[in-house]
Amino acid sequence: MEYNFSSIEKKWQKKWDDNQTFKTSDDYSKPKFYALVEFPYPSGQGLHVGHPRSYTALDIVSRKKRLQGYNVLYPMGWDAFGLPTENFAIKNKIHPKIVTENNVARFKEQLKSLGFSFDWSKEINTTDPEYFKWTQWIFLKLFEKDLAYKKEMAVNWCTSCKCVLANEEVVNGVCERCGSEVVRKVKSQWMLKITEYAERLINDLDDVDYIERVKIQQKNWIGKSTGAEVDFTTTAEDKLTVFTTRPDTLFGATYMVMSPEHPYLEKWADKIENNDEIKAYQVEANKKSDFERTELAKDKTGVCIKGVKAINPVNGKEIPIYISDYVLMSYGTGAIMAVPAHDTRDFDFAKAFDLPIIEVVAGGDVQNEAFTDVATGKLVNSGFLDGLEVAEAKKAIIEWLTKEGLGKEKVNYKLRDWVFSRQRYWGEPIPIVHCEHCGYVPVDEKELPLKLPDIDSYEPTENGESPLANIDEWVNTTCPKCGAPAKRETDTMPQWAGSSWYFLRYIDPTNKDAIASKEAINYWTPVDWYNGGMEHTTLHLLYSRFWHKFLYDIGVVPTKEPYAKRTSHGMILGENGEKMSKSRGNVVNPDDIVNEYGADTMRLYEMFIGDFEKSAPWSQQGIKGCSRFLERIWALNDALVEGESYSEKLEKAFHKTIKKVTEDIEQLKFNTAIAAIMALLNDIYKAGKINKAEFKTLIVLLNPFAPHITEEMWEMAGFEGMLNQTEWPSYDEAKTVDNEVEIAIQINGKIKDKLVVAADISQADCEAVVKELDSVKPLLDGKQIVKVIYVPKKLINIVVK
RNA sequence: GCGGAUGUGGCGGAAUUGGCAGACGCGCCAGAUUUAGGUUCUGGUGGGAGACCGUGGGGGUUCAAGUCCCUUCAUCCGCACCA
């Protein structure tokens, strides 16, 4: 009978649906396994071939875990708020809600056509008011705990989206989404104090099983550095405080630099003699975006402040103060002490402005190059620090500063607070009311969800306000506290809000009284295995860890970390090895593959394509190999025989394959698991027949990868029930070991021959046999045997002289 | 500049972590089946006529190196004046 994948796949997809085969059990006595993949943004383009790579991987894990007796939660939902939908809505004059519905319907159909074992009864959608009610609720809790605040600040402003972007959303100076120019603009924004969690976000990485590069990337992003804050007195009254990681070099500070935005410049205006020059520099600096400032201004520029000097607290020396845009207001204190001898930037600046360079750590040639090594070298020209090593000097100077009241130890982070406002319609409304008397007042929890009003125009206003600002009847309300007329917050939340906690909602998606029931949360958290893209490491993954820690602090969740294990899949590239994109014309549509080869082949190929964690180019030829493999599997229907037809060799091959596949799936090595099954099939073909027990084992092993064909073959062979209700095969360790092995015979490390021997042959016996071989004996003639290395089951190496 | 990876046949990729390099698949070659093409099946397939040579290049450690050490080159990704 022909392998008609199309009808087989439809048949089983319907059956699974009708029977709710993959519905998660409420039996909390069973061991649980929570498998999670990043839920997609339902874009108008439909599913990309990249999506199924992640989904298939954890579908394989989920299906295997179910067969192993776990209660598995493998859910799917929609991260549906966001700009592309809104832009499409504006352009085509369709409500974003409708656009979302259409896109979701398409995605869902595509996902179902691939046979994923999602529990669709747990489906969620971030744009559903019953969902975002809880997104808003979490925001109110953050507000209540002072972790949400409003602040006037320079923000990244996308000129095309007319919207604020988080730092993370600005890539190379342009908007990550639309590619338009991003400029700086001062606006009042809602912020979340993620910085308050910086230390815990670093430390708790020790307790989770994330792939190393994710941990490293998150740590780098948070950017912890330990140093000291030091107060410099000035000839103006104010102390100028700096942050430095090298307090040990304090004696070498020959000038100071303030950021052009430093508030002291205004304050000191009457003491500064060259205000015009400074103003001009500020204007220049302000014109540049952050990108230009860092990208183009490698040559140091700046202006010396005339009329105010600073005093180095360690030696009382008067030193000049400059302003320069290489010092950022947003990091540390907005001012630095400059030690040109031991910092490359300070060195460049000192050279440009002809400032003195004083060596305080010996070991370099500081007149020609900054000496930044901290591991070697001892302090010089540094008074009481002389002779100490850098680490000792750090300790000593911090002690001294603390004692003298001139400074203290200090930790700084690169991580900034999270800009949480968007001037857009299609997002969760921020549930805050602004009252002239009471300030920012939270909307009463009972009022949630605070829904979006239906409006005709979703365009942001020219002055950058949210479209909601135009809806008077929505904006105007009363203060929940004092009852006076008040105005609603018109900004909405960023797309990251809904995805920061979605894995909790899957647990109990229809709960009206809480994010999820306590019992369910206690059972299901943390997520056991979360797979997603590397691009979400510093955005979604960090944000959701932050929210989860907050929810832990307020007693909503029982675990400090949301995800016990995090892995990441590589990209699927176009056939030409480049990233798939419309403009490159190398996009592969998953629908076409499913139509031409079937879902099982598609799934198999995406897993066989290469190392799961690395990117790999698509190949139309390669997919044929997987299609052929399934055809060969299917053909076994005709090779099926009754009774015990085991050859011992084939039996061992089975046990080895069970072991390999079982282990490989856990280790993300899907490609080699499939290769092992292919090799086993080759062995079966050599035998020419297969008995029922072997057949059963084979199709169960293959089932997680190719669920439709294996269910069909299960049914055709007359096994009981559905395959997905059976058990994962076990193996006998003893039967994975061969009795006879081929070992390599080496003379001086070069292979001269191979020999089949009993696996447990002794070295002496083996040596005796080997030395008499025709291929070996002449080579030993007249030589002295220095030693013999024998590695059981591997090789024997005779070293001669 | 800093951080992270990667480099193995014509191609995608394996290699139990120091022990027979190239599993598995694609492609290719030959044979069988077929009127033929396609499909399918069987066999072969790193290079070299050979001794031998082969995991980006060079050096080293070792009985033994894709794997460890030093050095160098190339490509990709992330961050980027973070004091």
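Since the structure is predicted, the reported quantities are computational estimates derived from the model, not experimental observations. Lettering follows sequence order; numbering is per chain, from 1.
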Hey, are A:H540 and A:E38 close enough side-chain-wise for a donor-acceptor pair under 3.5 Å?
no
Mind checking A:N412 for me? I need base, sugar-phosphate or nothing, with any heavy atom below 4.0 Å counting as a touch.
nothing
B:G3, OP1 or OP2 - any side-chain N/O from A:R213 closer than 4.0 Å?
no
Classify the nucleic acid contact of A:I216 as base, sugar-phosphate or nothing, counting any heavy atom under 4.0 Å across all strands shown.
sugar-phosphate
Taking the C1' atom in each of B:A23 and B:U8, what is the distance between them to the nearest angstrom?
13 Å
Quick check on B:C2: is either OP1 or OP2 less than 4.0 Å from any side-chain nitrogen or oxygen of A:N220?
no
B:U42 pairs with, by Watson-Crick or G-U criteria that keep both distances under 3.5 Å
B:A30
Would you please say whether a donor-acceptor pair under 3.5 Å links the side chains of A:D346 and A:Y326?
yes
If you look at every strand shown and take non-hydrogen atoms under 4.0 Å, does A:S225 touch a base, only sugar-phosphate, or nothing?
sugar-phosphate
Mate of B:U62 where both pairing distances stay under 3.5 Å, Watson-Crick or G-U
none
Can you check the distance between B:G31 and B:G22, where both ends of the measurement are the C1' atom (answer in whole Å)?
26 Å
Smallest heavy-atom separation, A:F612 atom then A:R53 atom, equals CE1-O, 3.4 Å
What nucleic acid atoms does A:S619 come within less than 4.0 Å of, heavy atoms only: base, sugar-phosphate, or nothing?
nothing
Between A:Q621 and B:G27, is there a side-chain N or O to OP1/OP2 distance below 4.0 Å?
yes
Kindly say if A:N797 contacts the phosphate of B:C20, meaning a side-chain N or O under 4.0 Å from OP1 or OP2.
no
B:A5: pairing nucleotide in any strand, Watson-Crick or G-U under 3.5 angstrom:
B:U75
Is there a Watson-Crick or G-U wobble partner for B:U67 with both distances under 3.5 Å, and if so, which one is it?
none
Please state whether the base of B:C63 and the side chain of A:K787 form at least one donor-acceptor pair under 3.5 Å?
no
I want to verify the glycosidic state of B:U17; is it syn or anti under the 90° rule?
syn
Sugar-phosphate only, base, or nothing, as touched by A:L795 at under 4.0 Å among non-hydrogen atoms:
base
If we take the C1' atom in both B:A15 and B:G19, what is their distance in whole Å?
12 Å
If pairing means Watson-Crick or G-U wobble with both distances under 3.5 Å, then the partner of B:U35 is none
A:K614 vs B:U75: side-chain N/O to OP1/OP2 distance below 4.0 Å:
no
Cationic tip of A:R632 within the cone over A:Y685's six-membered ring, i.e. under 6.0 Å and within 45° of the normal?
yes
Would you mind classifying the nucleic acid contact of A:S615 as base, sugar-phosphate or nothing, using non-hydrogen atoms under 4.0 angstrom?
sugar-phosphate
Using a distance-only criterion (donor-acceptor N/O pair, under 3.5 Å, no hydrogens), is the base of B:C79 paired with the side chain of A:K414?
no
Less than 4.0 angstrom between a side-chain N/O of A:K752 and OP1 or OP2 of B:C52, yes or no?
yes
The answer to which of A:C626 and A:A335 contacts RNA chain B further toward the 5' end, by nearest nucleotide, is A:C626
C1' gap between B:U42 and B:G18, integer Å:
39 Å
Looking just at side-chain N and O atoms, do A:N412 and A:S225 make a donor-acceptor pair shorter than 3.5 Å?
no
Partner of B:G25 by Watson-Crick or G-U wobble geometry, both contacts under 3.5 Å, or none?
B:C11
Is any side-chain N or O of A:K659 under 3.5 Å from a base N or O of B:U16, one able to act as donor and the other as acceptor?
no
Donor + acceptor pair across side chains of A:S259, A:E261 (<3.5 Å)
yes
Classified by glycosidic angle (syn within 90° of 0, else anti), B:G9 comes out syn
Across the strands shown, which category fits A:N682 at heavy-atom distances under 4.0 angstrom: base, sugar-phosphate, nothing?
sugar-phosphate
B:G27 OP1/OP2 closer than 4.0 Å to side-chain N/O of A:R628:
yes
Using distance alone, with no hydrogens and no angle criterion, decide if A:K652 and A:N739 have a side-chain donor and acceptor under 3.5 Å apart.
yes
Are the side chains of A:V49 and A:M602 in touch, meaning some heavy atoms are under 4.5 Å apart?
yes
Please give the distance between the P atoms of B:C53 and B:G66 as a whole number of Å.
12 Å
Answer with base, sugar-phosphate or nothing: what part of the nucleic acid does A:E212 contact at a heavy-atom distance below 4.0 Å?
nothing
In Watson-Crick or G-U wobble terms, with both distances under 3.5 Å, the base opposite B:A80 is none
Distance check, C1' atoms only: B:G48 and B:G54, in whole angstrom units.
10 Å
Contact class for A:E535 (heavy atom, under 4.0 Å): base, sugar-phosphate, or nothing?
nothing
What's the gap between B:A65 and B:C20 when it is taken at their P atoms, as a whole Å value?
11 Å
